[in-house]
Asks: 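My questions all concern the structure below.
As a basis for the values below, the full set of heavy atoms in this structure was taken, side chains included, without hydrogen atoms, waters or symmetry mates. Numbered from 1 within each chain, the chains take letters A, B, ... in sequence-line order. Here the structure is a predicted model, which means the values were calculated and not measured.
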There are 2 protein chains.
Amino acid sequence: MEDQIIKILRKSQLSVTESRRNILEIFIQAGSALAHHDVEEKTSERFDRVTVYRTLQVFMEKGIIHTIPTTENAVLYALCKDDCEEGHHHDNHIHFVCEDCGATTCMDDIHIPEIKLPLGYNALQINMVVNGICAKCKK
Amino acid sequence: MEDQIIKILRKSQLSVTESRRNILEIFIQAGSALAHHDVEEKTSERFDRVTVYRTLQVFMEKGIIHTIPTTENAVLYALCKDDCEEGHHHDNHIHFVCEDCGATTCMDDIHIPEIKLPLGYNALQINMVVNGICAKCKK
DNA sequence: TTAGTCTTTGCAACTTTGTTGCAAAAGGTT
DNA sequence: AACCTTTTGCAACAAAGTTGCAAAGACTAA
Ligand SMILES: [Mn+2]
Ligand SMILES: [Mn+2]
Ligand SMILES: [Zn+2]
Ligand SMILES: [Zn+2]
């Protein structure tokens, strides 16, 4: 686990610092998407808010995490899979937001279907966010 | 135009006030989605920020506008079509964000395709946001 | 291991965004 | 016009996000 974290940071040419390890660990353990605020709450050692902002930003740039749009004025972040690189993300999967437990998860293996856009329109990236009830919360 | 505005407000059982007319007009003229900040900038008469917040909120509740998720920590708002009612939106269309001109538009006639979710998952609402280059900006 | 260099962090100060309570103003109704 | 209700602006606040800079920490190479 600790090994995995260091490997990810090294691969992205980032120096291994306390805050980066801690925040990366939080994402790995969480298994679901987190808002800036969530990250701040979960850090065991308390880092400055500014450090959290900067860490998330650098993780984004390096392709370690990606953003998920929401209608709640709070962007979510989730771990990228292996194929994301510095400056170029490949996270074209569906995101599912459970309205019951609130968890937002990456559905990595569900492809986003093709879309026919009007003539002249060119799609570069597609975000698909599905709201509903997850399997765990279904009774 | 003025008639149209009044009709919309009346239909939603809202009293016709200066700020509501002005803000609704902004949406009709804009033709594309606007952030809170955009609305504030465009109001000819200056209303208090709080009034803008409250107006957008009440327009949302009444089904006059709907939200569009973004990855930029700024929810966008756009006019609903006729079939949205108080407390129940029907805006399951695609949204297109042009990375060149920045305009976000509702593609009302492009349906969001069906999605096969894993067993136990239940979709209630789907948001699909396509980033790319719009027809106008394509050269 | 240590010394030197470059990067990262925390802090302070600030800006922007969003919220709430309340009195004054405006809108709808008679 | 007089009334009652809703909406607005203001003030005061809370939360979120940004920037510059000095101190602390991470890496490298002697
Ligand atoms: Mn994802
Ligand atoms: Mn729309
Ligand atoms: Zn759930
Ligand atoms: Zn464009």
Asks: How long is the line joining CZ of B:Arg20 and P of C:dA25, in whole Å?
Replies: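 It works out to 19 Å between those atoms.
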Asks: Nearest whole Å is fine: how far is D:dG25 P from A:Arg54 CZ?
Replies: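 Going from CZ in A:Arg54 over to P in D:dG25 covers 16 Å.
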Asks: Pick the nucleotide of DNA chain C nearest each of B:Val16 and B:Tyr53; which residue has the one closer to the 5' end?
Replies: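 Counting from the 5' end, the first nearest nucleotide belongs to B:Tyr53.
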Asks: Taking the nucleotide of DNA chain C with the closest heavy atom to each, which residue, B:Leu14 or A:Glu18, is nearer the 5' end?
Replies: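 Result of the comparison: A:Glu18.
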Asks: Figure out the CG/C1' separation between B:Leu24 and D:dT7, and round it to whole Å.
Replies: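 Rounded to the whole Å, the gap is 16 Å.
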Asks: Would you mind classifying the nucleic acid contact of B:Arg10 as base, sugar-phosphate or nothing, using non-hydrogen atoms under 4.0 angstrom?
Replies: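 Sugar-phosphate only.
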Asks: Mark yes when over 12 heavy atoms from residues, nucleotides or ligands other than B:Leu124 sit less than 6.0 Å from its CG; otherwise mark no.
Replies: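 Atom CG in B:Leu124 is packed in, count exceeds 12.
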Asks: Does the A:His66 side chain pair with the main chain of A:Met60, one donor and one acceptor, at a distance under 3.5 Å?
Replies: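 No: the side chain of A:His66 does not pair with the backbone of A:Met60.
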Asks: D:dT7, C:dA12, D:dC10: which one has an atom nearest the side-chain heavy atoms of A:Val50?
Replies: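 For A:Val50, the side-chain atoms sit closest to C:dA12.
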Asks: Between atom CG in A:Asn22 and atom P in C:dT9, what is the gap in whole Å?
Replies: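 Taking CG of A:Asn22 and P of C:dT9, I get 11 Å after rounding.
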Asks: Counting only side-chain N and O atoms of A:Thr17, is one of them less than 4.0 Å from OP1 or OP2 of D:dG25?
Replies: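 Checking A:Thr17 against D:dG25: no side-chain N or O falls below 4.0 Å of OP1 or OP2.
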Asks: Give the nucleotide from the list C:dT17, D:dT8, C:dT9 with an atom nearest to the side chain of A:Ser19.
Replies: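 Of the candidates, C:dT9 comes closest.
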Asks: Which is true for A:Arg49 with a 4.0 Å heavy-atom rule: it touches a base, it touches only sugar-phosphate, or it touches nothing?
Replies: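 Base: the residue A:Arg49, judged by heavy atoms under 4.0 Å, touches a nucleobase.
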Asks: Between A:Ile23 (CD1) and C:dG10 (C1'), how many Å, whole number?
Replies: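 Atom-to-atom, A:Ile23 to C:dG10, this comes out as 13 Å.
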Asks: Round to the nearest Å and state the distance from B:Asp48 atom CG to C:dA24 atom C1'.
Replies: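 Distance check: B:Asp48 CG to C:dA24 C1' gives 14 Å.
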Asks: Looking at D:dG9, C:dG18, C:dG27, which one has an atom nearest to any side-chain atom of B:His36?
Replies: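 My answer, after comparing the listed nucleotides, is C:dG18.
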Asks: Should the ring pair B:Tyr121 and A:Phe96 be called parallel, tilted or perpendicular, given that the plane angle runs from 0 to 90° and is split at 30 and 60?
Replies: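 The arrangement is perpendicular - the two ring planes meet at more than 60°.
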Asks: For residues A:Arg54 and A:Ser19, is any side-chain donor paired with an opposing acceptor at under 3.5 Å?
Replies: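 No pair is found: no donor N or O on one side chain lies under 3.5 Å from an acceptor on the other.
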Asks: Are B:Ser15 and D:dT6 close enough that a side-chain N or O sits under 4.0 Å from OP1 or OP2?
Replies: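 Indeed not, no polar side-chain atom of B:Ser15 lies that close.
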Asks: Tell me: CD of A:Glu40 to C1' of D:dA15, nearest whole Å?
Replies: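 Taking CD of A:Glu40 and C1' of D:dA15, I get 10 Å after rounding.
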Asks: Hey, are the side chains of B:Gln125 and B:Asn92 touching, using non-hydrogen atoms and a 4.5 Å cut-off?
Replies: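 The answer is yes, as the side chains (C-beta and beyond) meet within the 4.5 Å cut-off.
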Asks: For B:Asn73 and for B:Gln13, find the nucleotide of DNA chain D with the closest heavy atom, then tell me which residue's nucleotide is more 5'.
Replies: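 Result of the comparison: B:Gln13.
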Asks: Closest to the B:Thr51 side chain: D:dG9, C:dT8, C:dT9?
Replies: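 Of all the options, the side chain of B:Thr51 is nearest to D:dG9.
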Asks: For B:Leu76 and C:dT17, give me the distance from atom CG to atom C1', rounded to whole Å.
Replies: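 Rounded to the whole Å, the gap is 15 Å.
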